Each structure stands twice: as C-alpha cells, then as structure tokens.
Amino acid sequence: MSFTRIREVISPEELKDLYPLSKEAAKAKADRDAEMKRIIAGESDKFMVIVGPCSADNEPAVLDYISRLANVQEKVADKLFLVPRIYTNKPRTTGEGYKGIAHQPNPEKAPDMQEGLIAVRKMHLHAIEQTHLTPADEMLYPENWPYLDDLLSYVAVGARSVEDQQHRLTISGMDVPAGMKNPTSGDFSVMLNSVTAAQHAHTFLFRQWEVETTGNPYAHTILRGAVNKHGQSLPNYHYEDLIRLLSMYAERPHLKNPAVIVDANHNNSNKQFAEQPRIVSEILHSRKVNPKIAAFVKGVMIESYIEEGCQKIGEHIYGKSITDPCLGWNDTERLLYEIAGRV
C-alpha cells in the first residue's frame with residue numbers, strides 16, 4: 001500500500017496566467033463581493049439566493065443556466081442578490097462515484113486532475129466574463145483554493161468537512177463570505193465552533209508554507225438538515241430551529257455578523273427536490289412573523305438546473321443533473337419572482 005505519483009499538476013500561478021480574469025470582470029467581482037459582505041453584516045436588506053445545479057458537470061449547460069439567472073437578476077436587483085451555484089467538487093459519503101468536474105472533466109472518462117483544474121477555472125471564469133454574476137463553490141479540498149481565490153464570491157464548507165481543522169483554518173484566510181454547514185449529526189454547536197475557528201486568526205501549514213491568517217468576519221452558518229442514527233432525515237429549517245440557532249449565537253457574543261443561510265434541499269427536503277419551493281415559503285413566513293429572524297436569515301440555497309430531476313451518466317440530456325435531482329428552470333424562475341415579492 002502506497003501513494004503513486006502520477007504527475008505534478010499545474011500551479012495556481014501558471015493556471016491564472018493561462019486564464020486571467022479581465023479588469024472589467026475583476027471590477028464586477030469586487031463590487032459583488034462588497035455587496036455580499038454588506039448583506040451578511042446586515043448593512044443591506046437584500047435577500048441572497050444561492051442557486052444552481054447539484055454538480056456543475058457540463059460547461060455549456062451551466063453557462064446557459066447562469067445566463068438565464070442573470071436575466072432574472074436584472075429584474076429583481078432591488079430585492080434579491082442571486083449567486084450562481086457552480087459546484088465543481090462532489091462530496092461522496094463512501095468515496096465512490098462521480099466526484100465532480102475537478103476530478104473528471106468528462107464524467108464518462110477516467111479522472112484527470114490536471115485537466116479538471118483547468119476545466120474548473122475556465123467554467124468559473126467564463127461565467128463571470130459572460131454574465132458578471134460571480135459564483136459560489138464548495139470547498140472540498142482546501143489546497144485548491146489558490147486556483148480560484150480571484151473568482152469565487154462565496155464558499156461553502158459541507159456537512160462532512162465542517163469539523164475538519166484544515167477547512168476551518170483555510171476559511172480564516174479568505175476575503176469572501178463563507179458558510180459553514182451543520183454536520184450530518186445536526187449538532188449546532190459543532191457548526192458554531194467552526195464559525196468561531198474561521199473568524200479567528202491562525203498560523204498553520206498550507207501548500208508547503210507556514211502561513212498566517214487574520215480571520216474571516218463573514219464566516220456564518222448554513223442549515224441543511226441532519227440525519228438520525230437510523231439514517232432518517234431531520235429537517236432544521238423550521239421556526240423553532242431558527243430561534244434556537246439565534247439564541248445560540250446570542251450566547252457567543254464574540255461571533256461577528258450573526259447570519260444563517262438555509263439550504264432548502266439535502267436533508268431539509270429529505271432529498272425531495274420538488275419540496276424546495278414549499279420549504280422556502282415557510283422560511284419566508286418565519287421571517288415575516290419575526291423581525292429578529294428576518295434580520296438573521298440572510299438567504300436560501302436551492303438546487304436547480306434547466307431540466308428537473310436527474311439522469312444517469314451517459315444519458316446526455318442537456319441541462320439535467322447527473323448527481324442529485326434538481327428543480328427545473330421554469331419552477332425555479334417562478335420561485336425567484338415569488339421570493340422577490342415576499343422579502
């Protein structure tokens with residue numbers, strides 16, 4: 001048993017030189033980063049919607065989706081801040097199956113991390129250049145952050161990664177908002193401990209360097225539901241859950257910018273994608289009846305693609321997820337306008 005070296009992959013500096021961000025797009029990103037920070041800090045009352053496919057596996061379809069999202073953003077700009085979900089890494093509970101475009105730029109071929117890193121940067125870059133909507137991605141591998149640190153406006157740490165120290169410390173060095181999901185156990189304390197670590201300064205080893213960070217004051221929580229010991233889903237988007245998390249934040253006055261994003265899918269929906277509009281509606285109702293919740297809940301996450309549902313790898317249905325099932329575009333567009341009308 002051993003590690004076998006395949007090849008030395010391209011460095012972040014080399015990849016950025018090959019695919020640089022234009023000055024115009026960099027300005028758009030800086031503006032959006034600043035606005036998102038204002039939302040998390042409570043200085044803007046816009047509602048954030050992080051929306052897109054479960055896994056961004058096909059660039060043409062993803063860019064098509066984001067262009068549609070950009071058209072909606074123009075119409076709801078006074079109410080909503082739309083963040084395209086371009087998730088290029090797919091966590092696998094058992095380690096088996098498609099792990100995202102970062103591993104397999106072509107889902108039907110063998111893994112190729114070198115080409116995967118190139119494909120990831122190109123997809124994020126093209127999305128920004130074509131739509132000026134800056135994306136969100138999940139940080140599955142902390143060491144990959146330097147490949148995308150000039151492109152991402154939002155980073156999520158998943159339920160299986162949130163207890164990992166390297167994830168927490170890496171977030172502490174980022175200059176963009178980062179959401180820490182509750183672990184699969186559902187323990188809010190673990191999630192808040194992760195936020196605490198991310199908001200503090202640290203010294204640690206990162207990509208062969210001893211580095212020092214200043215802490216990320218925009219690290220916050222994400223509720224995505226949980227799983228009990230029998231493997232059953234336990235939702236945590238209800239009014240009582242939001243009140244509980246708000247009270248736990250109050251017990252930790254050292255935490256800056258108390259904020260939560262609610263994931264409407266995963267264990268909150270029991271992975272029933274069609275339930276997402278109903279769940280979002282309940283979250284909006286909770287915000288309406290309680291001003292403290294309205295100030296605390298900064299947005300929602302929605303899994304959505306062009307075609308609803310999912311398909312098996314190799315079926316080649318354009319704009320349909322090859323991982324978890326997603327809400328279709330028509331229902332998504334309708335939902336976005338409904339959210340804009342209620343916030």
Side-chain angles (χ1 to χ4, degrees), residues 47-57 65 69 80 82-87 90-93 97 100 136 138 154 156-162 179-188 191 221-245 260-288 293 297-311 319-339 342-343:
F47 194 70
M48 190 157 60
V49 182
I50 302 168
V51 58
C54 172
S55 181
D57 59 272
Y65 177 93
L69 206 61
L80 303 185
L82 304 183
V83 184
R85 175 189 163 109
I86 307 181
Y87 278 27
K90 176 64 179 174
R92 309 305 307 200
T93 303
E138 179 171 349
Y154 187 91
V157 175
R160 299 166 190 83
S161 303
V162 75
M180 319 299 277
K181 289 195 172 186
N182 64 261
T184 53
S185 69
D187 190 331
F188 284 10
M191 175 174 59
T221 56
I222 301 174
L223 294 178
R224 48 86 71 199
V227 181
N228 69 13
K229 65 181 181 180
H230 302 294
Q232 299 166 321
S233 290
L234 298 173
N236 58 17
Y237 63 86
H238 297 304
Y239 182 92
E240 294 79 8
D241 299 300
L242 300 175
I243 288 293
R244 175 174 166 242
L245 181 56
V260 65
I261 304 289
V262 183
D263 184 343
N265 211 19
H266 296 98
N267 290 114
N268 268 332
S269 69
N270 195 26
K271 297 187 177 181
Q272 302 299 309
F273 72 92
E275 292 293 299
Q276 292 181 99
R278 178 191 62 77
I279 292 167
V280 170
S281 181
E282 180 175 327
I283 295 161
L284 295 176
H285 177 72
S286 295
R287 293 178 87 247
K288 182 178 180 180
I293 289 180
V297 179
K298 307 295 185 179
V300 292
M301 286 184 164
I302 300 166
E303 287 196 321
S304 153
Y305 212 175
I306 295 172
E307 299 295 333
E308 74 170 25
C310 63
Q311 62 180 319
K320 194 169 189 177
S321 174
I322 62 170
T323 49
D324 291 347
C326 296
L327 204 65
W329 173 252
N330 290 338
D331 288 335
T332 301
E333 185 178 31
R334 188 180 307 114
L335 177 57
L336 292 174
Y337 287 129
E338 178 186 342
I339 296 171
R342 293 180 60 183
V343 298

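Note that this is a predicted model, so its numbers are computed, not measured.
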### Task
State whether the side chain of R85 and the backbone N or O of I302 hold a donor-acceptor pair below 3.5 Å, judged by distance alone.
no
### Message
Is it the case that the side chain of Q311 and the backbone of K320 share a donor-acceptor pair, with hydrogens and angles ignored and the cut-off at 3.5 Å?
### Response
yes
Could you pull out all residues at least two apart from [X] that satisfy side chain to side chain donor-acceptor pair (under 3.5 Å)?
| X | answer |
| --- | --- |
| T184 | none |
| N228 | Q232 |
| E338 | R342 |
| Y87 | none |

### Message
Please find the pair of heavy atoms, one from P325 and one from N265, that lie closest to each other, and give the distance.
### Response
O-ND2, 3.9 Å
### Query
So, for S55 and G100, which heavy atoms are closest and what is the spacing to 0.1 Å?
OG-CA, 4.2 Å
Are any of the side-chain heavy atoms of [X] and [Y] separated by less than 4.5 Å?
| X | Y | answer |
| --- | --- | --- |
| Y305 | L327 | no |
| I222 | V260 | no |
| F47 | V300 | yes |
| T221 | M180 | no |
| P53 | S321 | no |

Which residues pass the salt bridge (Lys or Arg N to Asp or Glu O under 4.0 Å) test with [X], sequence neighbours left out?
| X | answer |
| --- | --- |
| R244 | none |
| K181 | D263 |
| D331 | R334 |

### Message
Assess whether a salt bridge exists between K90 and D324, defined as any Lys/Arg side-chain N lying under 4.0 Å from an Asp/Glu carboxylate O.
### Response
yes
Rounded at 0.5 Å granularity, tell me how far [atom1] in [X] sits from [atom2] in [Y].
| X | Y | atom1 | atom2 | answer |
| --- | --- | --- | --- | --- |
| L69 | L82 | CG | CG | 5.0 Å |
| E303 | I50 | CD | CD1 | 12.0 Å |
| H266 | Q276 | NE2 | CD | 9.0 Å |
| N182 | L223 | CG | CG | 5.5 Å |

### Query
Is a side-chain donor-acceptor pair under 3.5 Å present for R224 with N267?
yes
### Query
Is a side-chain donor-acceptor pair under 3.5 Å present for S304 with T332?
yes
## Note on the structure
With sequence neighbours left out, the residues meeting ring-ring contact (aromatic ring centres under 6.0 Å, His included) with Y154 are H220
### Task
With side-chain contact (heavy atoms from CB on, under 4.5 Å) as the test, would you mind laying out the steps for L335 and V280 before giving the verdict?
CA-CA 9 Å; L335 177 57; V280 170; 4.2 Å; yes
### Message
Before you tell me yes or no, could you show the steps for L80 and V343 under side-chain contact (heavy atoms from CB on, under 4.5 Å), namely the whole-Å CA-CA distance, both residues' side-chain angles and the distance that decides it to 0.1 Å?
### Response
CA-CA 8 Å; L80 303 185; V343 298; 4.0 Å; yes
### Query
Where do V51 and M301 land on the side-chain contact (heavy atoms from CB on, under 4.5 Å) test, with the steps shown first?
CA-CA 6 Å; V51 58; M301 286 184 164; over 6 Å; no
Residues two or more places apart in sequence or in another chain: which of them pass side chain to side chain contact (heavy atoms under 4.5 Å, CB included) with [X]?
| X | value |
| --- | --- |
| E240 | H238 |
| N268 | P235, N236, Y237, V262 |
| E275 | S269, Q272, R278, I279 |
| D187 | P183, S185, S189, V190 |

### Query
Could you walk me through whether C326 and F273 pass the side-chain contact (heavy atoms from CB on, under 4.5 Å) check?
CA-CA 6 Å; C326 296; F273 72 92; 5.7 Å; no
